[in-house]
Amino acid sequence: MRVILLGAPGSGKGTQAEALVKRYGMVHISTGDLLRAEAAAGTSLGLQAKAIMEAGGLVSDEIVLGIIEHHLTVVEVETGFLLDGFPRTLPQAEGLDALLGRLGLPLDIVLLLEADYGEVTKRLLARRRADDTEQAIRKRLEVYAAQTVPLIDYYQRKGKLRTIKGVGKVEEISERIYEVLDTLR
Ligand code: AP5
């Protein structure tokens, strides 16, 4: 199964990814987690990314596409993948299409987790990650609206998009997603 999880910061992508990986066994690829690991390891890429992430901006498309290419080329065809937090811009989505075309791994579905900005802000303020300050959250939501929301239309036009109500208990949301993904198995 080859899946993209799309949604605003705090919409629950990482939380739902955990449940989906347990149920379906695909490889979870979170660009946010990978960038935070680079930052924690103190690599030059990580240090560059750290400042951008803490301010709520986006790391460059070239860097992120490079990371994704590195990880997707080792994914087994049968295992599939779950992309979380990627793509986030139109150039990233186009780059991903080209890469998946080269690798012969067509995308099955894009799940949009829908939760309003008030709800996601409340969740992020309660979590307190380094980029969960009021100012960085405001910036992340602005960036999401300007650069990532256009992907909804992009995948809708390709007939790949399914919207999932991302509010309620974590388990209820997982069930909504299973209903959709079980039909793909
Ligand atoms: P990334 O790590 O991808 O962060 P994000 O998209 O801002 O998403 P979050 O991890 O904050 O939220 P989530 O949707 O995963 O929700 P979660 O499950 O954690 O990216 C961070 C930064 O890295 C970016 O800002 C950018 O700088 C850089 N970056 C990453 N990818 C990039 C890319 N492709 N291009 C360029 N730059 C990139 O849940 C959030 C909280 O809510 C948790 O505390 C959780 O417990 C809680 N929660 C979850 N579900 C529920 C629920 N149903 N009810 C109540 N609380 C809930």
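Atoms within a ligand are numbered from 1 in the order they appear, just like the ligands themselves. On a predicted model such as this, the values are computed, not experimentally measured, just so you know. Positions are given from 1 along the sequence.
Between Gln92 and ligand 1, at least one N/O pair is under 3.5 Å apart. The N/O atoms of Pro9, backbone and side chain alike, include none that comes under 3.5 Å of an N/O atom in ligand 1. Between Asp131 and ligand 1, not a single N/O pair is under 3.5 Å apart. Residue contacts with ligand 1: Phe86 is placed with no nitrogen or oxygen under 3.5 Å of a nitrogen or oxygen of the ligand (distance criterion only).
Both the backbone and the side chain of Leu58 come within 4.0 Å of ligand 1, counting heavy atoms alone. Of the heavy atoms in Leu35, only side-chain atoms (C-beta onward) come closer than 4.0 Å to ligand 1. Contacts between Leu124 and ligand 1 below 4.0 angstrom, taking non-hydrogen atoms only, involve the side chain exclusively. Of all the heavy atoms of Arg127, the ones lying under 4.0 Å from any atom of ligand 1 belong exclusively to the side chain. Under 4.0 angstrom from ligand 1, the non-hydrogen atoms of Ala8 all belong to its backbone. Only side-chain heavy atoms of Ile173 come within less than 4.0 Å of ligand 1; its backbone N, CA, C and O stay farther off. No part of Gln16 comes within 4.0 Å of ligand 1, judged by heavy-atom distances.
For Lys22 and Glu18, the salt-bridge test fails: no basic side-chain N is under 4.0 Å from an acidic carboxylate O. A salt bridge does not link Arg123 with Asp132: every distance from a Lys NZ or Arg NE/NH1/NH2 to an Asp or Glu carboxylate oxygen is 4.0 Å or more. Using a 4.0 Å cut-off between charged side-chain N and carboxylate O, Lys169 and Glu175 make no salt bridge. The pair Asp131-Lys139 does not meet the salt-bridge criterion, since no charged nitrogen lies less than 4.0 angstrom from a carboxylate oxygen. Here Lys122 pairs with Glu119 in a salt bridge; the nearest charged N to carboxylate O distance falls below 4.0 Å.
When only modelled atom types and interatomic distance are considered, Thr43 and Glu38 share a side-chain donor-acceptor pair under 3.5 Å.
Set against the non-hydrogen atoms of Gly32, the atoms of ligand 1 under 4.0 Å away are 1 (P), 2 (O), 20 (O), 30 (C), 31 (N). Interface atoms of ligand 1 facing Gly14, defined by a heavy-atom separation under 4.0 Å, are 13 (P), 15 (O), 18 (O). Shown in contact with Gly12 at under 4.0 Å from a heavy atom are these atoms of ligand 1, numbered in order with element: 13 (P), 14 (O), 16 (O), 17 (P), 18 (O).
For the pair Arg23 and Tyr178, the cation-pi criterion (under 6.0 Å, within 45° of the ring axis) is fulfilled.
Gly168 counts as a contact of ligand 1, since one of its heavy atoms falls under 4.0 Å from the ligand. Taking 4.0 Å as the cut-off, Arg36 counts as a neighbour of ligand 1 on heavy-atom distance. Ligand 1 has at least one atom lying under 4.0 Å from a heavy atom of Gly10. Residue Gly57 places a heavy atom under 4.0 Å from ligand 1.
Contact of the Leu6 side chain with the Thr148 side chain is registered, since non-hydrogen atoms from C-beta on lie closer than 4.5 Å. Between Leu151 and Pro87, the closest side-chain pair of non-hydrogen atoms falls below 4.5 Å. Annotation: side chain of Arg185 is in contact with side chain of Tyr24 (closest heavy-atom distance under 4.5 Å).
One option in Arg88, Glu172, Arg140 has a heavy atom closer to atom 6 (O) of ligand 1 than any other, and that option is Arg88. Which of Arg129, Lys169, Glu119, Glu18 comes nearest to atom 4 (O) of ligand 1 through a heavy atom is settled by distance: it is Arg129.
A side-chain contact (heavy atoms from CB on, under 4.5 Å) with Leu111 holds for exactly one of Arg162, Lys13, Gln16; it is Arg162. Among Met53, Gln48, Lys50, the one residue that satisfies the side-chain contact (heavy atoms from CB on, under 4.5 Å) test with Val59 is Met53.
For atom 31 (N) of ligand 1, the closest heavy atom belonging to the protein is Thr31 OG1, 2.7 Å. Given atom 13 (P) of ligand 1, the protein heavy atom at minimum distance is Lys13 N, 3.5 Å. Among all non-hydrogen protein atoms, the one lying nearest atom 48 (N) of ligand 1 is Arg123 CD, 3.9 Å. Counting only heavy atoms of the protein, atom 39 (O) of ligand 1 lies nearest to Thr15 OG1, 3.7 Å. Shortest contact from atom 37 (N) of ligand 1 to any protein heavy atom: Val59 N, 3.1 Å. Of the protein's non-hydrogen atoms, Met53 CE, 3.3 Å is the one closest to atom 23 (O) of ligand 1.
Glu179 CD: 12 or fewer foreign heavy atoms inside a 6.0 Å radius. By the 6.0 Å contact criterion, CZ on Arg128 is open, its count of non-hydrogen atoms from other residues, nucleotides or ligands being 12 or less.
Closest heavy-atom contact between Ala115 and Gly166: CB-O, 4.2 Å.
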